[in-house]
> 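Questions regarding the structure given below will be posed in turn.
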Amino acid sequence: MATDILMPALSPTMEEGKLAKWLKKEGDAVKSGDVLAEIETDKATMEVEAIDEGVLAKILIEEGTEGVKVNTPIAIIAGEGEDVAAAAAGGGSKPQASNPAQSAPTPTMQAEGQASAPAATEKSGDDKPNAPAAPAVITNKAPAPVMEEFPDGTEMVTMTVRESLRDAMAEEMRREDSVFVMGEEVAEYQGAYKVTQGLLQEFGARRVVDTPITEHGFAGIAAGAAFTGLRPIVEFMTFNFAMQAIDHIINSAAKTLYMSGGQLGCPIVFRGPNGAAARVGAQHSHDYSAWYSNVPGLKVIAPYTASDAKGLLKAAIRDPNPVIFLENEILYGQSFPVPKLDDFVLPIGKARIHRTGKDVTIVSFSIGMTYALKAAQALAEEGIDAEVIDLRTLRPMDTDTIVESVKKTGRCVTVEEGFPQSGIGAEIIARLMADAFDFLDAPVLRVTGKDVPMPYAANLEKLALPNVAEVIQAVKAVCYR
């Protein structure tokens, strides 16, 4: 069966791009992994690869064409043994389960990193992922007191994480003139991921500042501004680029309050996407959660829901200390209920119980919560009642909530996309050994990203990330099931 090749997206916010060049021509045989074409945006160039064998039957979009919308058919691939002329004339089919579309997916919370079985040395006869479960419903009411962060009956509005972050910054900028935003493309371009959309129009270029591509420079300017009493919000296009600014973040922002004997504080927020996105390679996919949570003088926040993103970003902007605010690119477009309150601020350093349970505790944060919640839903169908805790803040970590949960369940599994060595899960285990050892009925297990730089290839990237099946497998192991 012929298959359409679709215009891929380089990121969740990409809407169109340029088909720069075809590397194969009509009639060429192709096999899995062959580069078919190159596409471009104003930010990056990406290769479109074949994932099945066949023949390039017809090119639908000529090279050099600009403004090609995402998911537009750009070519037709005829399957092995199929009549090429008939395939070219008839057009490709919409992808079926047995013959998937050859497009680079726009990642979603539901699809990214989900597999039906843990990585194995041998493939089974059916190694395709099952359709993921619907997202867990997050409400403002649950038996656990930690959930009661706004009044019962509060009106809720549905917002994306991107919108909630924007609203949090706008509200704090209206509240306090000393708050300003700076970073690459935050103003005229409305933000690399559209998080700062509309801020330039409301607050002007004095408070929404486009910078050159020099993280070391603008992070240093922002730290200096914070020392004088201003409250900068520094956006990094990705926290991978914050490596260029690490001296200002650690040696200036984090340490100066202590080194000055409490005389000189640094009220600053460093925010931006952290961790893996979709096919952006190892140098754009690193998870820095454990790095920053190691540093005294920093507070580190990694929210999952839109309400947590809004309430915690507002708290971070008001905090007198430097705050690392780790977002996730895959979550930007995901929608959650957010309380409609005049001033919704959440406490830094308090975890949230998303689901109560009695058999096992699953602890995660940020995008790891997608794996944890879906695993809990699947486990419930098998009679295992999992309690799911979202850390939300990595430093200071809410050890008490984790310990109290483990005292009840006797078992614990941690979930994160970061590397296993010296990770957040390792820190949780160390604290449980000190504070809850006598309550454990099984060793604490970790589900993490694989111990390898993030691959660029989509199939390898998927294997490098944790998945729901691995969480389920770990929970069953600690429950001796």
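Just so you know, these numbers use all the heavy atoms, side chains as well, and skip hydrogens, waters and symmetry mates.
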> Please list all pairs passing the salt bridge (Lys or Arg N to Asp or Glu O under 4.0 Å) test where one or both residues lie in residues 281-301, with sequence neighbours left out.
K299-D319

> Check P455 against L460 and note the closest heavy-atom contact, atom names and distance.
CB-CB, 3.5 Å

> Identify, with sequence neighbours excluded, every residue that meets ring-ring contact (aromatic ring centres under 6.0 Å, His included) alongside F325.
none

> For D343, enumerate each residue passing the side-chain contact (heavy atoms from CB on, under 4.5 Å) test, keeping only those at least two apart in sequence or located in another chain.
E172, K314, R318, V345

> Ignoring hydrogens and angles, tell me if any N or O in the side chain of Q190 forms a donor-acceptor pair with the backbone of G198 under 3.5 Å.
yes

> To the nearest 0.5 Å, tell me how far L199 CG sits from D167 CG.
9.0 Å

> Assess the residue pair H354 and Y304 against the criterion (side chain to side chain contact (heavy atoms under 4.5 Å, CB included)); give the C-alpha distance rounded to whole Å, side-chain angles, the decisive distance to 0.1 Å, and a yes or no.
CA-CA 11 Å; H354 274 261; Y304 164 53; 4.1 Å; yes

> side-chain contact (heavy atoms from CB on, under 4.5 Å) with S405: which residues, sequence neighbours excluded?
T361, E387, I389, T409

> I'd like to know if the side chain of S260 and the backbone of L257 have a donor-acceptor N/O pair within less than 3.5 Å.
yes

> Minimum heavy-atom separation for V406 to C412, with atom names?
CG2-CB, 4.0 Å

> Closer than 3.5 angstrom, by distance alone: can the side chain of H248 be matched with the main-chain N or O of H216 as a donor-acceptor pair?
yes

> What pairs with K476 under side-chain hydrogen bond (donor to acceptor under 3.5 Å, both in side chains), at least two apart in sequence or on another chain?
E382

> Hey, is CD on Q283 packed in by over 12 heavy atoms from elsewhere, all under 6.0 Å?
no

> Quick check for you: to the nearest 0.5 Å, what is the distance between Y189 atom OH and K194 atom NZ?
4.0 Å

> Can you name the residues that form a ring-ring contact (aromatic ring centres under 6.0 Å, His included) with Y288, not counting sequence neighbours?
H286, W291

> With distance as the sole test, does R355 use its side chain to make a donor-acceptor pair with the main-chain N or O of L373 at under 3.5 Å?
no

> Is there a side-chain contact between I424 and S293 (heavy atoms, below 4.5 Å)?
yes

> Roughly how far apart are L465 CG and E417 CD, rounded to 0.5 Å?
5.0 Å

> So, taking the atom named CE in M159 and the one named CG in L165, what distance separates them when rounded to the nearest 0.5 Å?
9.0 Å

> Do F270 and Y292 have ring centres separated by under 6.0 Å?
no

> Scan side-chain atoms only and decide if Y371 and E470 contain a donor-acceptor pair under the 3.5 Å cut-off.
no

> Given side chain to side chain contact (heavy atoms under 4.5 Å, CB included), test E329 with H284 step by step and report yes or no.
CA-CA 11 Å; E329 183 180 337; H284 295 71; over 6 Å; no

> How would you list, by chain and number, every residue that makes a salt bridge (charged side-chain N to carboxylate O under 4.0 Å, His left out) with E155, sequence neighbours excluded?
K340

> Atom CG of D398 and atom CD1 of I348: how far apart are they, to the nearest 0.5 Å?
13.0 Å

> Using the rule given for side chain to side chain contact (heavy atoms under 4.5 Å, CB included), can you reason through V403 versus K407, listing the C-alpha separation, both sets of side-chain angles and the distance that settles it, and then say yes or no?
CA-CA 6 Å; V403 168; K407 284 181 178 180; 3.7 Å; yes

> With a 4.0 Å cut-off on N to O distance, would you call R166 and E163 a salt bridge?
no

> Would you please name every residue forming a side-chain contact (heavy atoms from CB on, under 4.5 Å) with R174, sequence neighbours left out?
A170, E171, E202, F203

> Restricting to salt bridge (charged side-chain N to carboxylate O under 4.0 Å, His left out), what partner residues turn up for E215, sequence neighbours left out?
none

> Stepwise, does the side chain to side chain contact (heavy atoms under 4.5 Å, CB included) test hold for V161 with E327?
CA-CA 9 Å; V161 173; E327 301 157 10; over 6 Å; no

> For the pair R411 (side chain) and V478 (backbone), establish whether a donor and an acceptor sit closer than 3.5 Å, ignoring hydrogens and angles.
yes

> With sequence neighbours excluded, tell me which residues meet side-chain hydrogen bond (donor to acceptor under 3.5 Å, both in side chains) with Q244.
none

> Using the test salt bridge (charged side-chain N to carboxylate O under 4.0 Å, His left out), find all partners of D34 that sit at least two apart in sequence or belong to another chain.
K24, K31

> Rounded to the nearest 0.5 Å, how far does CG of N251 lie from CD1 of I246?
9.0 Å

> Whether R231 engages the ring of F180 as a cation-pi pair (distance to the six-membered ring centre under 6.0 angstrom, angle to the ring normal within 45°) should be assessed.
no

> Backbone N or O of R392 within a donor-acceptor pair of the D390 side chain at under 3.5 Å?
yes

> Please check if the side chain of R271 supplies one atom and the backbone of I233 the other of a donor-acceptor pair under 3.5 Å.
no

> Determine all donor-acceptor pairs shorter than 3.5 Å in which one atom belongs to a side chain in residues 431-438; sequence neighbours excluded.
| residue | atom | partner | partner atom | Å |
| --- | --- | --- | --- | --- |
| R431 | NE | E427 | OE2 | 2.7 |
| R431 | NH1 | T399 | OG1 | 2.7 |
| R431 | NH2 | E427 | OE2 | 3.2 |

